[in-house]
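Here the structure comes first, spelled out in structure tokens, and everything after it is commentary.
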There are 2 protein chains.
Amino acid sequence: MRSYGQYCSVAKALDAVGDRWTLLIVRELLLQGPCRYTDLRNGLPGIATNLLADRLHELEAAGLVRREEAAPPVATTLFSLTEAGAALEPSLEALGAWGIRYMAEPADDDEFRSHWFTFPVELFLHDSAPDGPPLAIELRPASPAASRASSRPAVVEVSGGEVRTRLGSAASPDLILDGSPRLILGLLGAYLTPADAEALGLSVTGDPAILRRLQPAS
Amino acid sequence: MRSYGQYCSVAKALDAVGDRWTLLIVRELLLQGPCRYTDLRNGLPGIATNLLADRLHELEAAGLVRREEAAPPVATTLFSLTEAGAALEPSLEALGAWGIRYMAEPADDDEFRSHWFTFPVELFLHDSAPDGPPLAIELRPASPAASRASSRPAVVEVSGGEVRTRLGSAASPDLILDGSPRLILGLLGAYLTPADAEALGLSVTGDPAILRRLQPAS
DNA sequence: CGGCATCCTCTTTGATACTG
DNA sequence: CAGTATCAAAGAGGATGCCG
């Protein structure tokens with residue numbers, strides 16, 4: 001990218017990561033940890049493969065991404081963030097928190113990946129009963145379009161004042177939400193009532209009243 | 001800008017403000033408050049005027065910028081941030097803090113404006129002696145190139161644990177730093193010693209020992 | 001002068017095909 | 001798996017013109 005030519009720390013930051021797709025590549029590496037090229041492509045639906053290759057070289061040259069030839073058992077290239085790259089996390093969190101305002105709008109043909117739940121859930125919700133029992137909520141996003149890879153379940157774990165998400169299933173979830181990501185987030189964020197969410201097609205297994213423990217942050 | 005087509009709050013944020021120049025326009029409106037078109041052009045050296053007009057229309061359509069026809073005495077259009085636009089401040093602060101790492105590198109033909117001191121100074125420095133007497137440090141950036149508009153002085157005010165910057169002069173500054181913005185920031189951020197900064201061309205009036213009160217944050 | 005709109009060139013992106 | 005090659009389309013940069 002052409003430099004802005006401004007001696008300003010915001011402009012310098014954007015000189016480094018302001019290119020199209022660049023911050024989303026960093027998002028993937030932050031959320032998923034070290035990734036293969038193919039993992040990145042799966043987590044970045046819509047990116048052209050030459051552009052991904054270009055951006056990875058630029059990020060490597062800028063010292064934000066490291067390329068490692070993994071040991072024999074794996075025998076593949078792994079991309080991971082350097083310390084400077086990982087230091088972008090607060091910026092992505094701030095942008096992710098700001099962008100939550102757009103998550104309520106219809107976006108029917110958007111792609112979705114389960115690990116993207118992390119930002120909206122962890123940045124927007126907080127545990128209003130830190131002394132309550134641990135809670136596990138399983139999220140089963142339905143693929144809106146024909147994306148098979150997106151449909152992995154995720155778990156929201158609430159305990160001790162923390163709200164965490166991870167991929168996978170819960171042993172005995174207190175609540176299971178199965179439906180479009182938008183309805184799942186709508187119910188979690190309390191801009192939909194359980195009745196409305198079910199009427200719109202969300203399948204709710206368990207008692208949605210436990211969601212009252214989760215309150216939108218600030 | 002073409003949407004990323006991803007149901008992710010970071011991608012949605014970048015759909016709205018990920019275009020080239022867009023976040024820098026928001027920076028100007030955050031740092032300067034409501035601006036005329038000309039003020040924005042002055043604060044965004046390098047932008048093509050048609051692009052500024054385009055971006056302002058896009059930001060207005062996105063509900064992030066408001067256009068006001070000022071009252072008769074002013075008789076000009078003023079652009080200001082809406083509440084949603086002003087909510088980008090934490091994102092700009094996070095990016096600005098991350099970008100400080102690039103402020104130490106040579107950048108000789110970069111443009112500079114005095115109000116850009118705000119992010120590096122307020123995000124990077126903190127007052128290590130909250131109970132000490134108020135301190136005023138006047139910054140007089142020398143224009144590296146032929147930019148007249150850049151050379152307005154700024155004041156760093158340190159008191160009660162807060163570090164603030166504003167444009168203008170101090171009544172009786174405890175320290176005056178006159179030279180290139182890079183040397184000024186280098187001395188403030190303690191990656192240059194007073195002796196080195198002076199040897200490199202910074203003019204220091206007053207006792208630079210008071211700078212020890214300012215410590216780089218985290 | 002403030003606030004753009006037009007025109008033209010150059011660069012970047014996107015889509016797809018192909019390869020070691 | 002991890003890219004490179006190719007080419008059309010979109011966007012950015014720069015100069016200039018217009019209009020109240």
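Predicted model, so just to flag it, every value in this text is computed and none were measured. Letters go in sequence order (proteins before strands), and every chain restarts at 1.
Counting to the nearest Å, the P atom of dA15(C) and the CG atom of Leu52(A) are 14 Å from each other. Taking atom CD on Glu68(B) and atom P on dG3(C), their separation rounds to 13 Å, with Å as the unit. Here dC1(C) presents its P atom at 15 Å from CG of Asp39(B), a figure rounded to the nearest Å. In this structure, the CZ atom of Arg41(A) is 12 Å from the C1' atom of dT4(D), given to the nearest Å. Put simply, CG on Asp54(B) is 10 Å from P on dC4(C), counting in whole angstrom units. As a whole-Å value, the separation of Leu40(B) CG from dG2(C) P is 12 Å. The separation between Ile25(B) atom CD1 and dC4(C) atom P is 12 Å, rounded to whole Å.
Annotation: the span from Ser203(A) atom OG to Glu198(A) atom CD amounts to 7.5 Å, rounded to 0.5 Å.
Between Thr76(B) and the phosphate of dG2(C), there is no side-chain N or O to OP1/OP2 separation shorter than 4.0 Å.
The aromatic rings of Tyr7(B) and Phe112(A) lie tilted to each other, with the angle between the two planes from 30° to 60°. The aromatic rings of Trp21(B) and Tyr4(A) sit perpendicular to each other, their planes meeting at more than 60°, with 30° as the lower class boundary.
Glu122(A) contributes a side-chain N or O that, together with a main-chain N or O of Thr165(A), makes up a donor-acceptor pair within less than 3.5 Å.
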Next item on the list: Would you mind building the protein contact string for nucleotides 5-20 of chain D? One character per nucleotide, 5' to 3', B for base within reach (heavy atoms under 4.0 Å), S for sugar-phosphate only, - for untouched.
Entry: BB-----SSB-B----
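Within the nucleic acid shown, Arg67(A) comes within 4.0 Å of sugar-phosphate atoms alone, with no base atom in reach, counting heavy atoms only.
Here the closest non-hydrogen pair linking Pro141(A) and Leu139(A) is CD-O, 3.4 Å.
Judged purely by distance below 3.5 Å, without hydrogens or angles, the side chains of Thr49(A) and Tyr37(A) pair a donor atom with an acceptor atom.
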